[in-house]
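Following: one structure in structure tokens, then a few remarks.
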Number of protein chains: 2
Amino acid sequence: MTLKTLAIMGCLEDYHYITGSSVGKKLGVSQQVSSRWLRELEEMELITVVTGIRKRGIIISSKGEDALRKEYMDYKNIFSKENRSIILEGGVTSGFGEGGYYIYIPEYKEQIETMLGYTPFRGTLNIRINNHYTEHYHRLLSMDGKKLSGFHKNGRTYGDVKIFEATVNEDVCAVLIPERTHHDRILEVIAPFEIRKKYNLIDGMNVKIKVFI
Amino acid sequence: MTLKTLAIMGCLEDYHYITGSSVGKKLGVSQQVSSRWLRELEEMELITVVTGIRKRGIIISSKGEDALRKEYMDYKNIFSKENRSIILEGGVTSGFGEGGYYIYIPEYKEQIETMLGYTPFRGTLNIRINNHYTEHYHRLLSMDGKKLSGFHKNGRTYGDVKIFEATVNEDVCAVLIPERTHHDRILEVIAPFEIRKKYNLIDGMNVKIKVFI
DNA sequence: ATTACTATATTTCGAGTAT
DNA sequence: TATACTCGAAATATAGTAA
């Protein structure tokens with residue numbers, strides 16, 4: 001609520017000099033409370049504060065913008081239910097994304113096989129989402145999908161992972177999204193075949209994925 | 001928050017039979033609390049509840065839908081206002097940045113004139129982006145803009161250059177960003193007039209640029 | 001199985017006030 | 001003038017449990 005108010009006041013675009021009591025007035029709380037809320041937003045790294053002599057310059061960080069955008073996407077999804085799929089486009093990229101190892105871990109792999117009804121090829125295709133599809137990507141992040149349940153093993157925690165059925169060039173595949181992703185705009189795609197080989201993909205080539213939601 | 005969750009669960013379209021604990025689980029609170037919240041929503045006439053034997057059928061009222069839509073519009077305004085420009089601030093600096101020579105090269109100059117509709121002053125203003133605006137700078141780097149096409153000449157390769165329309169103190173100008181920049185945080189600004197002279201700028205003085213994306 | 005009351009625990013608020 | 005601390009008051013959450 002506070003963050004949204006700051007955004008409406010223009011803190012997404014640029015630094016704004018804002019006092020605790022002015023935000024408090026807008027939010028209907030006291031100066032003490034709104035000052036504390038601002039401090040908490042700063043501790044959560046949702047805003048960046050530049051301390052001046054008498055005023056504080058406040059700007060919403062990219063993490064804060066993500067949080068707002070997530071909220072925005074929730075509402076957008078609510079009011080546009082008709083779209084059953086989200087299309088994403090991006091360039092093939094090498095190396096593991098944050099979660100490229102899922103299909104190597106038996107506990108995940110079994111769940112994947114049960115959900116999708118096939119054994120995925122042992123390797124994921126990583127796609128760096130194009131700028132034009134950023135909004136689609138964020139919309140996808142905000143969707144509820146089927147979920148691979150997390151677990152503990154060898155003292156490590158493996159979190160929940162969302163899984164969406166999808167297609168590449170009409171071929172069935174699936175997209176994996178860790179619940180607590182860093183939003184690094186890398187999409188992990190798995191399929192019952194080796195996508196890279198079937199379409200002779202090399203790094204940088206563009207691929208379109210249609211994700212069913 | 002509760003109302004939004006109900007909407008996501010589908011209560012906008014039709015009655016859904018929902019228990020306090022299922023909503024509580026989604027919201028991360030106890031059954032007692034979410035049951036109370038549902039009651040409060042009903043008292044506020046934001047939802048309509050049909051009491052059954054074991055479950056309650058819940059649908060969001062038109063008053064509730066209005067409330068959600070108002071929230072949606074807040075976010076929509078935030079992002080449709082914000083997404084059109086990026087503000088950058090930095091100190092005027094002398095010497096050529098990596099690409100300060102563009103407007104001296106006829107092949108680029110012609111394209112610039114066609115795209116902007118004016119003849120730029122023969123000289124660029126270089127701005128060293130302040131630390132506080134690093135994030136904005138990187139955001140700009142990642143944007144797709146209009147593009148000056150690269151070419152070959154005298155055995156040399158001249159790369160693509162992105163160009164963005166912008167303003168300095170409400171005066172029209174433009175920002176040039178080579179596709180393969182070293183990201184040295186120097187912004188190259190051109191305008192139909194001599195910016196330095198018009199604003200009596202000397203090295204180190206701060207300038208704010210509003211870039212349209 | 002679900003709702004909701006009661007008692008208790010926890011969190012949050014804001015006036016007063018120092019910095 | 002603005003921020004932020006202290007502390008009693010008020011609001012809110014949860015466990016246990018009755019309906």
Side-chain angles (χ1 to χ4, degrees), chain A residues 1-61 63-64 67-68 71 74 144, chain B residues 1-61 63-64 67-68 71 74 89 130-132 206:
Chain A
M1 183 174 66
T2 312
L3 196 61
K4 193 189 81 174
T5 303
L6 290 175
I8 290 168
M9 291 168 96
C11 296
L12 263 173
E13 279 184 298
D14 198 10
Y15 290 89
H16 274 71
Y17 294 93
I18 277 168
T19 64
S21 44
S22 69
V23 183
K25 199 172 281 176
K26 279 198 191 284
L27 291 167
V29 295
S30 68
Q31 164 268 316
Q32 289 91 329
V33 169
S34 78
S35 278
R36 185 164 63 226
W37 287 355
L38 290 175
R39 221 182 320 129
E40 286 165 0
L41 286 177
E42 191 185 5
E43 281 159 15
M44 290 189 274
E45 297 179 332
L46 297 173
I47 62 174
T48 304
V49 178
V50 182
T51 311
I53 316 229
R54 291 176 176 271
K55 302 172 171 185
R56 290 179 300 186
I58 292 180
I59 192 168
I60 293 172
S61 70
K63 192 173 166 188
L68 286 168
E71 202 68 9
D74 280 349
D144 287 321
Chain B
M1 185 174 65
T2 312
L3 195 61
K4 193 189 80 175
T5 302
L6 290 174
I8 290 168
M9 292 168 95
C11 297
L12 263 173
E13 289 109 14
D14 198 5
Y15 285 92
H16 274 69
Y17 293 91
I18 278 168
T19 65
S21 46
S22 69
V23 182
K25 200 172 279 176
K26 280 200 190 283
L27 291 167
V29 296
S30 66
Q31 163 268 316
Q32 291 88 333
V33 169
S34 77
S35 277
R36 184 168 69 226
W37 287 354
L38 290 175
R39 220 183 321 130
E40 285 165 0
L41 286 178
E42 191 184 4
E43 282 160 15
M44 289 188 276
E45 297 180 332
L46 297 174
I47 61 175
T48 306
V49 178
V50 181
T51 311
I53 315 238
R54 291 174 177 271
K55 297 186 168 192
R56 291 178 297 187
I58 293 178
I59 193 170
I60 293 171
S61 69
K63 190 174 166 188
L68 284 168
E71 202 68 7
D74 280 350
E89 188 182 88
N130 288 350
N131 286 332
H132 286 134
N206 254 0

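Keep in mind that the numbers below use all heavy atoms, side chains included, and drop hydrogens, waters and symmetry copies.
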Self-check item: Selected nucleotide, minimal atom distance to A:V33 side chain, candidates C:dG14, D:dA13, D:dA4
Solution: C:dG14
Quiz item: Does B:S21 reach the main-chain N or O of B:Q31 with its side chain, forming a donor-acceptor pair under 3.5 Å?
Solution: no
Quiz item: In whole Å, what is the span from the CD atom of B:E40 to the P atom of D:dA11?
Solution: 13 Å
Self-check item: Separation of atom CD in B:E43 from atom P in C:dT3, rounded to whole Å
Solution: 15 Å
Exercise. Using both distances under 3.5 Å as the test, list the Watson-Crick or G-U wobble partner of D:dA10, or none.
Key: C:dT11
Self-check item: A:I18 side chain reached by A:C11 side chain, heavy atoms, under 4.5 Å
Solution: yes
Practice problem: Find the distance B:R36:CZ to D:dA13:P and express it as a whole number of Å. | Solution: 5 Å
Exercise. Take atom CH2 of A:W37 and atom C1' of C:dT11, then tell me their distance rounded to the nearest Å.
Key: 13 Å
Quiz item: Which whole-number value in Å describes the distance from A:K25 NZ to C:dG14 P?
Solution: 15 Å
Quiz item: Given atom CD1 of B:I18 and atom C1' of C:dT3, what is their separation to the nearest angstrom?
Solution: 15 Å
Quiz item: Among D:dA4, C:dA4, C:dT2, which is the nearest nucleotide to the side chain of B:R39?
Solution: C:dA4
Quiz item: In whole Å, what is the span from the CD atom of A:Q32 to the P atom of D:dC5?
Solution: 12 Å
Self-check item: Sub-4.5 Å side-chain heavy-atom contact between B:T48 and B:I60
Solution: no
Exercise. Indicate whether any N or O donor in one side chain lies under 3.5 Å from an N or O acceptor in the other, for A:T5 and A:T2.
Key: no
Quiz item: To the nearest Å, how far apart are A:E42 CD and D:dA4 P?
Solution: 9 Å
Exercise. Report the residue (A:G28 or A:Q31) whose heavy-atom-nearest nucleotide on DNA chain C is the more 5′ of the two.
Key: A:G28
